[in-house]
Amino acid sequence: MVALCLAVVIVPRFLDRVYYRGPVSDHFDGERFFNPPGTTGNAPRSGSMARFMSGRDRAPWPKSVAVKPGGALAALTPCPARTGGVVHEAWAQCMPADTIDPQRMAVTWIGHSTALIQTQRLAILTDPIWSERASPVGFAGPKRVRAPGIAFDALPKIDVVLLSHNHYDHMDLATLKALWARDKPLIVTSLGNDTILRKAGITAVARDWGGSVAVTPEVSVVVERVQHWGSRFGSDRNRALWSGFTVKLPGGNIFFAGDTGYGDGSWARDAAARGPVRLAIIPIGAYEPRGLMADAHMNPAEAAAVFRTLGAARALGVHWGTFQLTDEAIDAPPLALVAALTPAERARFRVTEAGVPWEVE
């Protein structure tokens with residue numbers, strides 16, 4: 001009993017980490033980050049966490065979903081550089097870079113919140129996870145039921161990674177280590193997450209909400225405010241910041257919401273103010289039971305509202321059908337999204353199968 005009591009006191013402190021030190025702000029109290037007051041909406045909190053953790057209300061999911069392996073859009077994949085006739089990186093299909101129209105854009109959902117975006121002769125990945133489990137350990141935790149739509153070895157050279165926060169289904173260190181070893185991409189994230197990556201031997205650029213990172217003279221990434229939280233071990237709750245991203249591009253921006261609740265919707269209005277959104281990548285899953293999930297995860301009706309607020313020309317629904325994190329059925333998010341959209345909107349806000357490229361007009 002003495003050992004148990006000591007463990008309750010000592011272990012949480014041992015698992016705590018300080019990922020960021022900086023000035024106090026409207027979302028940082030000097031130790032932990034928080035969603036600014038007045039932005040979190042009025043969603044009532046209800047329901048039993050113990051009941052949710054027991055899984056007794058969870059809809060049954062299949063053990064696996066068949067996925068036909070896909071690939072990047074070859075027409076938008078620049079061929080690797082050659083030196084003395086030696087190809088440093090061999091990709092199955094590619095085009096000479098100077099023949100690729102930089103204004104063309106394609107997006108391929110790989111699974112969960114991972115999407116490959118090809119435009120401006122760049123390959124951009126969002127929250128990459130190829131691991132079998134979204135968990136700190138390989139033998140327990142949510143297991144993947146939908147294989148990645150593109151095999152890791154079939155990925156083109158990745159230029160930019162957008163990393164929204166430190167939850168295991170978004171910050172997958174095994175995948176990030178492999179990407180860093182292979183491609184040395186520019187990894188853009190929010191404050192504190194770079195500390196976690198650095199300890200894993202990975203370099204990242206971290207910014208506060210509103211901060212910007214240049215990618216090329218024509219392309220930059222803005223770290224955006226969204227409503228969520230962060231933790232790796234429980235005791236380190238909100239030691240690192242969460243975010244979405246606007247990728248500013250000629251011809252219209254990309255907005256990636258990361259993982260977020262709806263709150264008062266003001267974060268979407270802020271992103272919309274940065275200019276026209278050509279493509280929005282919006283989470284639509286992991287929302288039941290609503291009384292427990294509303295603060296952190298949007299439901300499909302709220303995702304549709306964000307799509308309208310952004311004024312996005314096109315949108316892709318993500319964060320569904322890969323890891324069973326919450327109570328809804330595997331196909332509930334896309335079905336509910338269709339119901340929340342008008343017939344005209346359904347052609348613009350799509351849910352695709354993993355591995356199927358969508359060329360964005």
Side-chain angles (χ1 to χ4, degrees), residues 35 39-44 59 105 107-109 111-115 117 126-127 162 164 169-170 224-228 242-247 252-322 325-354 356 358 360-361:
N35 295 297
T39 65
T40 55
N42 297 307
M105 180 185 293
V107 60
T108 306
W109 183 53
H112 201 52
S113 288
T114 308
I117 309 156
T126 63
D127 286 352
L162 306 178
S164 66
D169 57 323
H170 296 261
E224 300 282 15
R225 174 174 67 90
V226 294
Q227 182 183 313
H228 203 56
W242 49 93
S243 67
F245 303 90
T246 293
V247 183
N253 299 337
I254 299 166
F255 176 72
F256 169 51
D259 204 356
T260 181
Y262 184 77
D264 68 349
S266 61
W267 55 269
R269 295 192 290 274
D270 292 346
R274 298 202 187 276
V277 177
R278 184 176 175 187
L279 173 66
I281 300 175
I282 303 174
I284 64 170
Y287 54 84
E288 292 289 354
R290 204 76 203 109
L292 294 177
M293 294 296 138
D295 286 346
H297 293 152
M298 294 190 293
N299 63 22
E302 291 167 331
V306 166
F307 169 63
R308 295 173 189 127
T309 298
L310 292 170
R314 301 288 185 273
L316 176 69
V318 299
H319 201 264
W320 70 279
T322 308
L325 305 175
T326 50
D327 287 353
E328 73 271 11
I330 191 169
D331 57 352
L335 292 174
L337 179 66
V338 168
L341 298 171
T342 68
E345 289 173 332
R346 291 168 193 160
R348 296 168 46 222
F349 191 167
R350 299 186 186 179
V351 174
T352 66
E353 185 47 82
V356 179
W358 172 23
V360 179
E361 297 174 1

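Quick note: numbers below take in every heavy atom, side chains included, and nothing from hydrogens, waters or symmetry partners.
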W267 side chain reached by N35 side chain, heavy atoms, under 4.5 Å: no
Any donor-acceptor pair under 3.5 Å from T40 side chain to G263 backbone: no
Pairs meeting criterion ring-ring contact (aromatic ring centres under 6.0 Å, His included) with involvement of residues 327-347, two or more places apart: none
Check: T126 side chain, S113 main-chain N or O, donor-acceptor pair, under 3.5 Å: yes
For the student: nearest non-hydrogen atoms of L341 and A304, plus distance: CD2-CB, 3.7 Å
Distance-minimising heavy-atom pair for D127 and G258: OD2-CA, 4.4 Å
Pairwise distance CG(L292) to CZ(R290) - rounded to 0.5 angstrom: 10.5 Å
Polar side-chain atom of E288 near backbone of E328 as donor-acceptor pair, under 3.5 Å: no
Backbone N/O of Q227 and side chain of T260: donor-acceptor pair under 3.5 Å: yes
Side chain to side chain contact (heavy atoms under 4.5 Å, CB included) between W109 and V318, worked out: CA-CA 7 Å; W109 183 53; V318 299; 3.6 Å; yes
Any side-chain heavy-atom pair of M293 and L325 under 4.5 Å: no
Pairs satisfying ring-ring contact (aromatic ring centres under 6.0 Å, His included), at least one member in residues 273-313, at least two apart: H228-H297, H297-H319, F307-F349
Nearest atoms (heavy-atom pairs only) where I284 meets G317: CG2-CA, 4.0 Å
Contacts of A339 that satisfy side chain to side chain contact (heavy atoms under 4.5 Å, CB included) - sequence neighbours left out: none
Shortest non-hydrogen contact between A303 and P283, atoms and distance: CB-O, 3.7 Å
Where A268 and L310 come nearest, the two heavy atoms and their spacing: O-CD2, 3.6 Å
Non-hydrogen atoms of P300 and P333 that approach each other most closely: CG-O, 3.6 Å
From CG (L279) to CZ (F255), nearest 0.5 Å: 11.0 Å
Atom pair CG (D259) and CE (M298), whose distance is rounded to the nearest 0.5 Å: 9.0 Å
Rounded distance [0.5 Å steps], CG in L316 versus CD1 in I282: 9.0 Å
Between CE on residue M105 and CZ on residue R314, distance to nearest 0.5 Å: 11.5 Å
Trace of the side chain to side chain contact (heavy atoms under 4.5 Å, CB included) decision for Y262 with N299: CA-CA 8 Å; Y262 184 77; N299 63 22; over 6 Å; no
Expected output: side-chain R269 to main-chain T309 donor-acceptor under 3.5 Å: no
I254 CD1 to T246 OG1 distance, which is reported to the nearest 0.5 Å: 10.0 Å
N/O donor-acceptor pair under 3.5 Å between W358 side chain and V351 backbone: no
